Amino acid sequence: MGEDKKEKRYKTGLLRSLWPYNFNAERYSYTLHRITGVILALYLIAHVFEIYHFALGPVAWEQTIALLGSLGIWEKIGLWIIAGSALYHGANGLRLILNEVFGMLLGKPVLPEYPYTPTSLSRNQKIAIYVILAIVIALWIWAGLYLLEGLGII
Amino acid sequence: MKVRIRRYDGQKEWWQDYEVDVKSSDTVLDVLNKIREKQDHTLAFRLSCQMGSCGSCGMVINGLPALACQTRISELKTDSIRIEPLYNYKVIKDLVVDLNEFVNKHRSVKPWIIRKNPEELEEAPIEFKVTPEQNLTFVQFDYCIMCGICLAACPTVAIDPLFLGPQALGQAYRYIADPRDEGFEERIDILDDSHGVWRCHFAGACSYVCPKGVDPAKAIQFLKKEILKYRLLHKKKAATKPAELVEKAPPPNAPKPPPFDFKFEGGV
């Protein structure tokens with residue numbers, strides 16, 4: 001905030017926007033949604049690049065498969081992270097569509113009364129968040145076991 | 001109690017520690033007043049009503065944006081307090097932030113009742129009939145005191161300073177939901193913009209920190225629904241039935257008071 005940086009805002013920027021500490025469950029959910037979204041976007045680019053080699057002919061495709069195969073367990077770990085991201089981003093995205101498009105889980109406008117508990121962050125919203133988290137974790141564990149099975153570990 | 005305050009004098013910024021004797025009934029604003037009166041008169045912060053009505057004393061207390069006058073020391077349950085200016089704002093001095101952009105955003109959504117026939121607002125013989133049920137659809141969002149705390153909590157404002165923010169969008173919905181208002185089409189281009197309503201991803205932090213229970217996150221989601229209805233189905237806002245225009249009741253037949261005499265009679 002020096003003389004030459006008068007326009008600087010206090011504690012702002014990308015990292016601040018992703019830092020949910022002290023805040024509500026919805027803000028943690030927001031952070032996770034953003035991070036999983038970035039992972040999926042990067043995966044999509046990599047996936048398109050991978051499929052592109054299929055169009056180059058069988059030799060190029062075999063080489064790509066061999067390259068991915070040489071990653072060993074790291075390929076499976078990467079796929080597991082992508083599976084988790086897709087599960088969370090998809091499930092939480094459905095909750096957000098219910099909120100934003102249909103106005104559900106928000107409650108009705110009410111007369112504010114102390115201690116001013118906002119209905120949009122109330123019980124229904126929390127139940128939705130924790131149910132999503134439970135389903136995602138269960139499916140993510142199952143995906144992990146499936147990938148380990150593919151490796152012949154279990 | 002140890003109080004740690006983020007200072008800024010226009011040139012440099014630093015943390016300054018104070019040791020203050022506090023009572024359990026003290027608020028954070030009381031502590032700041034004690035510091036300014038007894039220890040350091042250069043400490044700058046805003047205050048006015050000291051009862052949670054004016055919204056002047058918004059600041060970040062132990063990492064959470066709040067009104068200093070409504071935050072009791074006993075509720076913090078910590079041995080020390082860390083006080084900072086509101087996040088995402090430009091700082092003028094110490095805990096005083098620049099609210100110009102915030103007020104301009106509020107003004108940009110036209111936070112007043114718009115009628116297609118402006119004479120209806122000015123013509124004396126007509127008034128609007130708003131039922132208690134209709135009033136309940138927008139009165140929650142009318143409680144906003146413009147403290148600016150919601151923008152300090154909003155993660156989108158942190159990455160897009162041009163985002164209208166929860167306060168302005170909440171107030172836009174307050175007027176759109178008002179049965180007397182006919183300005184939805186006038187506001188929609190401002191709200192349905194790249195820095196408008198779709199930048200909100202419902203983190204809910206604004207509603208979590210709002211000191212008056214306004215719940216701007218809820219208003220923004222309702223606003224999205226109304227905009228989608230308008231854009232996709234060409235349906236105008238139908239949150240409530242429009243207010244009826246009724247003839248103003250005639251004044252009661254009370255005797256007219258005598259004209260006020262400006263002449264001072266008698267003497268001291």
Side-chain angles (χ1 to χ4, degrees), chain A residues 1-34 37 89 92-93 95-122 125-126 128-129, chain B residues 6 8 10-13 60 62-64 84-91 97-98 135-141 143 152-161 173 177 197-198 200-222 224-226 228 239:
Chain A
M1 278 187 278
E3 192 65 28
D4 55 332
K5 294 188 267 175
K6 256 186 180 172
E7 293 302 299
K8 194 181 161 193
R9 289 154 206 280
Y10 183 64
K11 288 205 176 173
T12 193
L14 182 63
L15 289 179
R16 174 61 46 186
S17 84
L18 294 176
W19 185 246
Y21 181 69
N22 253 349
F23 283 94
N24 46 324
E26 290 77 8
R27 190 154 172 194
Y28 281 86
S29 176
Y30 163 92
T31 299
L32 214 50
H33 198 78
R34 304 289 275 185
H89 201 83
N92 196 51
R95 178 182 70 87
L96 290 176
I97 288 171
L98 287 182
N99 285 324
E100 297 182 11
V101 179
F102 300 103
M104 291 165 78
L105 306 171
L106 300 169
K108 286 180 180 168
V110 290
L111 199 62
E113 279 176 24
Y114 194 80
Y116 304 133
T117 312
T119 57
S120 65
L121 315 178
S122 64
Q125 196 72 250
K126 296 278 182 293
I129 287 175
Chain B
R6 186 72 163 178
Y8 174 60
Q11 301 286 328
K12 61 181 189 302
E13 52 181 329
V60 178
N62 283 354
L64 204 64
E84 299 165 83
L86 289 175
Y87 299 158
N88 304 329
Y89 286 90
K90 294 171 191 166
V91 182
V97 293
D98 184 357
N135 185 50
L136 206 59
T137 60
F138 65 87
V139 73
Q140 177 174 23
F141 313 116
Y143 271 55
C154 177
T156 303
V157 176
I159 45 174
D160 179 13
Y173 184 75
V197 74
W198 304 109
C200 167
H201 305 295
F202 194 31
C206 51
S207 297
Y208 184 66
V209 297
C210 179
K212 302 304 283 184
V214 172
D215 206 348
K218 176 162 66 184
I220 298 171
Q221 310 323 309
F222 287 162
K224 288 175 184 171
K225 188 178 154 189
E226 294 299 335
L228 276 178

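Convention: sequence-line order gives letters A, B, ...; per-chain numbering from 1. In this text, all values refer to a predicted model and were calculated from it rather than measured experimentally.
Looking only at heavy-atom pairs under 4.5 Å with chain B, the residue among A:L15, A:V101, A:T117 that has the most is A:V101. Of the residues considered (B:C154, B:P161, B:C200), B:P161 shows the highest number of contacts with chain A, using heavy-atom pairs under 4.5 Å. Between chain B and the residues A:L18, A:N99, A:T31, A:L14, the largest count of heavy-atom pairs under 4.5 Å involves A:N99.
Note that the CD atom of B:Q221 and the CG atom of A:L105 stand 11.0 Å from one another [nearest 0.5 Å]. Taking OG1 of A:T12 as the start and CG of B:N88 as the end, the distance is 4.0 Å to the nearest 0.5 Å. Atoms CZ and CG, on B:F222 and A:L106 in that order, are 5.0 Å from each other to the nearest 0.5 Å. In this structure, B:Q140 CD and A:K108 NZ are separated by 13.5 Å, a value rounded to the nearest 0.5 Å. Taken to the nearest 0.5 Å, the CZ atom of A:F102 stands 14.0 Å off from the NZ atom of B:K224.
Shown here is A:W19, whose CH2 atom has no more than 12 heavy atoms of other residues, nucleotides or ligands within 6.0 Å.
The nearest pair of heavy atoms linking B:K218 to A:P109 is NZ-CA, 3.8 Å. Closest non-hydrogen pair, B:S207 versus A:P118, comes out as O-CG, 3.5 Å. Across B:A153 and A:F23, no two heavy atoms sit closer than the pair CB-CE2, 3.6 Å.
Two residues are said to be in side-chain contact when any heavy atoms from C-beta on lie closer than 4.5 Å; B:Y208 and A:N22 fail this criterion. Between A:R34 and B:I159, some side-chain heavy-atom pair lies under the 4.5 Å cut-off. Looking at A:H33 and B:H201, their side chains never come closer than 4.5 Å, going by heavy atoms from C-beta outward. Residues A:R27 and B:P155 have side chains in contact (heavy-atom distance under 4.5 Å, counting atoms from C-beta outward).
Contacts of A:E113 with chain B are absent, with no heavy-atom separation under 4.5 Å from either backbone or side chain. Heavy atoms closer than 4.5 Å to chain A are found in the side chain of B:V209, but not in its backbone. Both the backbone and the side chain of B:L136 have a heavy atom closer than 4.5 Å to some heavy atom of chain A. For B:N135, no part lies under 4.5 angstrom from a heavy atom of chain A. Using a 4.5 Å cut-off between heavy atoms, A:L96 contacts chain B through its side chain alone, with no backbone atom that close. Interface remark: B:I220 contributes no atoms to any contact with chain A (heavy atom separation under 4.5 Å). Of the two parts of B:A152, neither the backbone nor the side chain holds a non-hydrogen atom closer than 4.5 Å to a non-hydrogen atom of chain A.
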Test side chain to side chain contact (heavy atoms under 4.5 Å, CB included) on B:D215 and A:Y116; report intermediate values, then the result. CA-CA 9 Å; B:D215 206 348; A:Y116 304 133; over 6 Å; no

Run the side chain to side chain contact (heavy atoms under 4.5 Å, CB included) test on A:S29 and B:F202 for me, step by step, so that the C-alpha distance in whole Å, both residues' side-chain angles and the decisive distance to 0.1 Å come before the verdict. CA-CA 9 Å; A:S29 176; B:F202 194 31; over 6 Å; no

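A cation-pi arrangement, defined by a distance under 6.0 Å to the six-membered ring centre and an angle within 45 degrees of its axis, is absent between B:R6 and A:Y10.
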